[in-house]
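Atom set for the values below is all heavy atoms of this structure, side chains included, hydrogens, waters and symmetry mates excluded.
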Amino acid sequence: MTNPVVSDLIARSNRLGSDPKNTNYAGGNTSAKGSETDPVTGELTELVWVKGSGGDLGTLKEAGLAALRLDRMRALVDVYPGVEREDEMVAAFDFCLHGKGGAAPSIDTAMHGLVDAAHVDHLHPDAGIAIATAADGEELTKAIFGDAVVWVPWRRPGFQLGLDIAEIKEANPQAIGCILGGHGITAWGDTSEECEARSLQIIDTAAAYIAEHGKADPFGAELAGYGALDADARRAKAAALAPTIRGLASTDKPMVGHFTDADVVLDFLASAEHPRLAALGTSCPDHFLRTKVKPLVLDLPADAPVEDAKARLKELHEAYRADYQAYYDAHATEDSPAIRGADPLIVLVPGVGMFSFGANKQTARVASEFYINAINVMRGAEALSTYTPISDHEKFRIEYWALEEAKLQRMPKPKSHATRVAFVTGAASGIGKAIATRLAAEGACVVIADLDLEKAVAAAAELGSTDVAVGVQIDVSSANAVAAALNEAVLAFGGVDLIVNNAGLSLSKPLLETTEKDWDLQHDVMAKGSFLVSQGAARAMIDQEMGGDILYIASKNSVFAGPNNIAYSATKADQAHQVRLLAVELGEHGIKVNGINPDGVVRGSGIFAGGWGANRAKTYGIAEDDLGKFYAQRTILKREVLPEHVANAAAVLTGPDMTHTTGLHVPVDAGVAAAFLR
């Protein structure tokens, strides 16, 4: 049975964390002190439960808490070696844990255990950080809160900060909390309800003061030519720029992207002060750990031609990398971790919006949310004072903290297709759906592209959230529809790395019964459709300069002459030769082009369910239900081919073990000698 103190803590945490005005995603921590029976002694033992490292308050569950014995936690004060060695205390927290399981204690555990209050909240609200990053934050704290909230000068999170806040609370019995310079807020209370109320009081009071006393235009006058383009124009420009920007952001290592054209971003970029403020960088540790210390900002007006913007972005990227290397060199010591890459994680384009990047879509999206937090902080600080973030030296001490490095090293090894963006046509069912499912399982972000939008969205939802997969509508026979679908893909994930030309249909008819309409339909969907998708994707891949894969789901019939399928087999032969032609043409860009020749994939197949199966069964003189078994018996291996078997081949051909293979067709047909390629 869950301890009622824990139940109240989780409920409070979820309420606070679910409102973005209170704290950012995975930011801040909460705690509660109470008693549980020690299973060894049978006596009541005082514990402190605190949100563990890396957890999110809005979704916190009991497993996300670290439980520590309060007597042992507070006894650490007696062995504390001083601020120069305070990092050693994090390992000591493990010797204070109570019971098995639970989360790893975070760096802020000392704050919660050492402060003499039953309940403690540490949060990162935009309004609170605005005061914390104002040049005269200490004076503002007194003006806004009197002696109810105490100013704490910037100190890196750790054991010493916990000691400092404990001392401040003891010396200021009237105080309900404090503003942590450059960082956030901390509040405390005798009950969970009182603690939560005090946290909200600090946040709401700060926000109200900014609203009442702040300047109307904290970001300055509107900058001529930098206002937002209309919605269609900015999304079109974003899609045109996205692959280039993603490629730049992936110079050191591949990244997944996210795009937003939120009003808060567009308004910031339309202001005269945005270049100065962006150059100052973010302040709260949670912010710049996910956004880097500052963004790359395009210094061209909103209506600058796309090609001019691309050229300027490349120039600015070189300067950004040099500046970041200089930042690293200026502050690194012999003990510092190696530089983790000099590419930006946030790229701002006036009139268009913000591109953010991370090792996966969620990380990229959260980076975007954090930079919006940073914009809000800058607005509040500039409204009352001057935005003054912590120094680059202190930022470096956080960014390249040994404890942060250890956290990164503990992360699981990336899956085979991590950071890759896959665009699969005809993916709402059959082979396409199986391939999309397999690629997502291997870590790829997947775009389910299908003629039926409702089915595409449903298939994407089966794979997970929109951080994993999205569904888009596509008519592969229409150049405009293909372009629109690919634009949706690059706006969803930053670009595209892996194309699967799978969309298809078939009409089983002999030559004399095949109409011109039949012929055109099959060639429009499969031959022309594959050409259009490959062409559009190749443009994006070339702009990215990250290589890529184009995969054609052809057929045994591309090389095998069977009866009553002249249109289908001819168009499959067209697809098969596209593989060879594009492999030769695109190789200089690092783009591999390969094909798969399946056969007899009956179960789960949209083509077979659409009438092809009945016609083929009639051709062979068997019942349609027996078609899969029939195909299996005519193979060398006597095995039925399923969509998952084709997906296996797709994963291997596009995975890390086949980096030097292009122009290949892989049969997935259980062995049909007449279709051997040699």
Worked verdict on Asp126 versus Arg379 for salt bridge (charged side-chain N to carboxylate O under 4.0 Å, His left out): CA-CA 9 Å; Asp126 294 346; Arg379 181 189 294 107; over 6 Å; no
Any idea which heavy atoms bring Arg312 and Leu298 closest together, and the distance? CG-CD1, 3.7 Å
Under 3.5 Å, side chain of Ser283 to main-chain N/O of Gly182, donor-acceptor pair present? yes
Atom CG of Asn373 and atom CZ of Arg290: how far apart are they, to the nearest 0.5 Å? 10.5 Å
Do the side chain of Asp497 and the main chain of Val421 share a donor and acceptor less than 3.5 angstrom apart? yes
Note: Ala436 and Ile448 closest approach over all heavy atoms is CB-CD1, 3.4 Å
For the pair Phe259 and Phe355, name the ring-plane relationship: parallel under 30°, tilted 30 to 60°, perpendicular over 60°. tilted
Inter-residue atom distance Lys528.NZ - Gln578.CD, 0.5 Å rounding: 12.5 Å
Who are the ring-ring contact (aromatic ring centres under 6.0 Å, His included) partners of His660, not counting sequence neighbours? none
Residues that Glu138 engages under side chain to side chain donor-acceptor pair (under 3.5 Å), provided they are two or more places apart: none
As a test of understanding, state which of Leu280, Thr133, Leu277 forms a side-chain contact (heavy atoms from CB on, under 4.5 Å) with Met378. Leu277
Can you tell me if CD on Glu318 sees more than 12 non-hydrogen neighbours from other groups inside 6.0 Å? no
Taking atom CG of Asn360 and atom OG1 of Thr419, what is their separation to the nearest 0.5 Å? 10.0 Å
Please lay out, stage by stage, how Glu399 and His331 fare under the test side-chain contact (heavy atoms from CB on, under 4.5 Å). CA-CA 11 Å; Glu399 187 178 2; His331 303 292; over 6 Å; no
Can you tell me which residue pairs pass the ring-ring contact (aromatic ring centres under 6.0 Å, His included) test with a partner in residues 471-498, sequence neighbours excluded? none
Might you confirm whether atom NZ of Lys215 has over 12 heavy atoms from other residues, nucleotides or ligands at distances under 6.0 Å? yes
CD of Glu585: more than 12 outside heavy atoms within 6.0 angstrom? no
Got more than 12 heavy atoms from elsewhere within 6.0 Å of CD, Glu139? yes
Point-to-point distance, once rounded to the nearest 0.5 Å, from NZ of Lys292 to OG1 of Thr282: 11.5 Å
Test Glu488 against Val470 for side-chain contact (heavy atoms from CB on, under 4.5 Å), laying out the working first. CA-CA 9 Å; Glu488 287 191 62; Val470 296; over 6 Å; no
Identify the two heavy atoms, one from Val424 and one from Ala427, that lie closest to each other, and give their separation to 0.1 Å. O-CB, 3.3 Å
Does the side chain of Pro254 reach to within under 4.5 Å of the side chain of Arg420, using non-hydrogen atoms? no
Please list, chain by chain and in numerical order, all residues satisfying salt bridge (charged side-chain N to carboxylate O under 4.0 Å, His left out) with Asp543, sequence neighbours excluded. Lys310
Side-chain donor or acceptor of Lys237 paired with backbone N/O of Gly351 under 3.5 Å: no
Check the pair Leu384 / Ile131 against side-chain contact (heavy atoms from CB on, under 4.5 Å), numbers first and verdict last. CA-CA 8 Å; Leu384 297 176; Ile131 307 302; 3.7 Å; yes
Taking the side chain from Arg246 and the backbone from Met255, do they hold a donor-acceptor pair closer than 3.5 Å? yes
Mind checking the CG-CZ spacing from Asp343 to Phe357? Nearest 0.5 Å is all I need. 10.0 Å
Please answer whether the main-chain N or O of Asp299 pairs with a side-chain N or O of Tyr226 as donor and acceptor at a distance below 3.5 Å. yes
Side-chain donor or acceptor of Thr386 paired with backbone N/O of Ala381 under 3.5 Å: no
Do any pairs count as a salt bridge (charged side-chain N to carboxylate O under 4.0 Å, His left out) and have a residue in residues 348-373, sequence neighbours left out, and if so which ones? Arg365-Glu369, Arg365-Asp467
Do side-chain atoms of Arg156 reach the backbone of Arg397 as a donor and acceptor pair under 3.5 angstrom? yes
Quick one: do Met354 and Ile346 satisfy side-chain contact (heavy atoms from CB on, under 4.5 Å)? Show the steps, please. CA-CA 7 Å; Met354 171 167 57; Ile346 301 291; 3.7 Å; yes
Classify the angle between the aromatic ring planes of His274 and Phe268 as parallel (below 30°), tilted (30 to 60°) or perpendicular (above 60°). perpendicular
From Tyr552 atom OH to Leu653 atom CG, the distance as rounded to the nearest 0.5 Å: 14.5 Å
ring-ring contact (aromatic ring centres under 6.0 Å, His included) involving Phe423 - partner list, sequence neighbours excluded: none
Return the minimal non-hydrogen interatomic distance between Ala428 and Asp450, and the atom names on each side. N-OD2, 3.2 Å
Using the ring pair (Phe, Tyr, Trp, His ring centres under 6.0 Å) definition, which of the options Tyr320, Phe396, Tyr400 pairs with Tyr327? Phe396
Any side-chain donor near an acceptor of the partner, Tyr387 and Glu273, under 3.5 Å: no
Give a yes or no on whether the backbone of Thr244 and the side-chain of Gln544 come within a donor-acceptor separation of less than 3.5 Å. no
Quick one: does any side-chain atom of Asn502 pair with a main-chain N or O of Gly426 as donor and acceptor, under 3.5 Å? yes
